[in-house]
Amino acid sequence: MQLSKTACEILAFFRETHRKPGARMTIATLDAHFGTDPSVAVAVSELKQLGYVGVPDSGTVQSN
């Protein structure tokens, strides 16, 4: 499955700023970097479904 452009950008941002597995980033950080576009939430959901990230709570994304 091909990732959306926003999902690829989120993964790249994660790799630049949080290199270790299990690192966490808040949704607020993603919103500050990418804007509060609904596509960010869709991209996070896409990444979660494909196993790239985990979502331990509604405000946090965790790398796998």
Side-chain angles (χ1 to χ4, degrees):
M1 177 177 194
Q2 187 173 354
L3 294 175
S4 67
K5 180 182 176 190
T6 305
C8 289
E9 290 172 353
I10 289 172
L11 279 179
F13 182 61
F14 232 114
R15 287 184 187 124
E16 289 172 14
T17 59
H18 296 72
R19 295 178 188 247
K20 294 184 180 180
R24 292 183 176 198
M25 183 180 300
T26 64
I27 296 296
T29 301
L30 292 175
D31 286 344
H33 187 78
F34 295 101
T36 56
D37 189 340
S39 66
V40 172
V42 171
V44 168
S45 177
E46 177 183 354
L47 292 170
K48 179 184 176 237
Q49 289 178 344
L50 295 173
Y52 287 102
V53 300
V55 183
D57 59 56
S58 64
T60 308
V61 178
Q62 178 176 338
S63 66
N64 287 338

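Taking every heavy atom of both residues into account, V61 and V44 meet most closely at CG2-CG1, 3.9 Å. Looking at every heavy atom in both residues, C8 comes nearest to L3 through SG-CB, 3.7 Å. For N64 against G51, the heavy-atom pair with the smallest separation is ND2-O, 3.0 Å. Between T60 and V55, the shortest heavy-atom contact is O-CG1, 3.5 Å. The shortest non-hydrogen separation linking S39 to T6 is OG-OG1, 3.7 Å.
To the nearest 0.5 Å, atom CG of residue L30 and atom CG of residue D37 are 12.0 Å apart. Of the inter-residue distances, the one linking F14 atom CZ with T29 atom OG1 reads 9.5 Å to the nearest 0.5 angstrom. In this structure, H33 NE2 and D31 CG are separated by 11.5 Å, a value rounded to the nearest 0.5 Å.
Distance alone, capped at 3.5 Å, is enough to place a donor-acceptor pair between the S63 side chain and the G22 backbone. Counting only distance, with no hydrogens or angles, the side chain of E46 and the backbone of A7 share no donor-acceptor pair below 3.5 Å.
Ring geometry, F34 versus F13: the interplanar angle exceeds 60°, so the pair is classed perpendicular (tilted spans 30 to 60°).
Cluster membership for L50 and L47, using ILVMFWY side-chain heavy atoms within less than 4.5 angstrom, is shared.
Residue pairs satisfying the ring pair (Phe, Tyr, Trp, His ring centres under 6.0 Å) criterion with at least one member in residues 35-54, sequence neighbours excluded, are absent.
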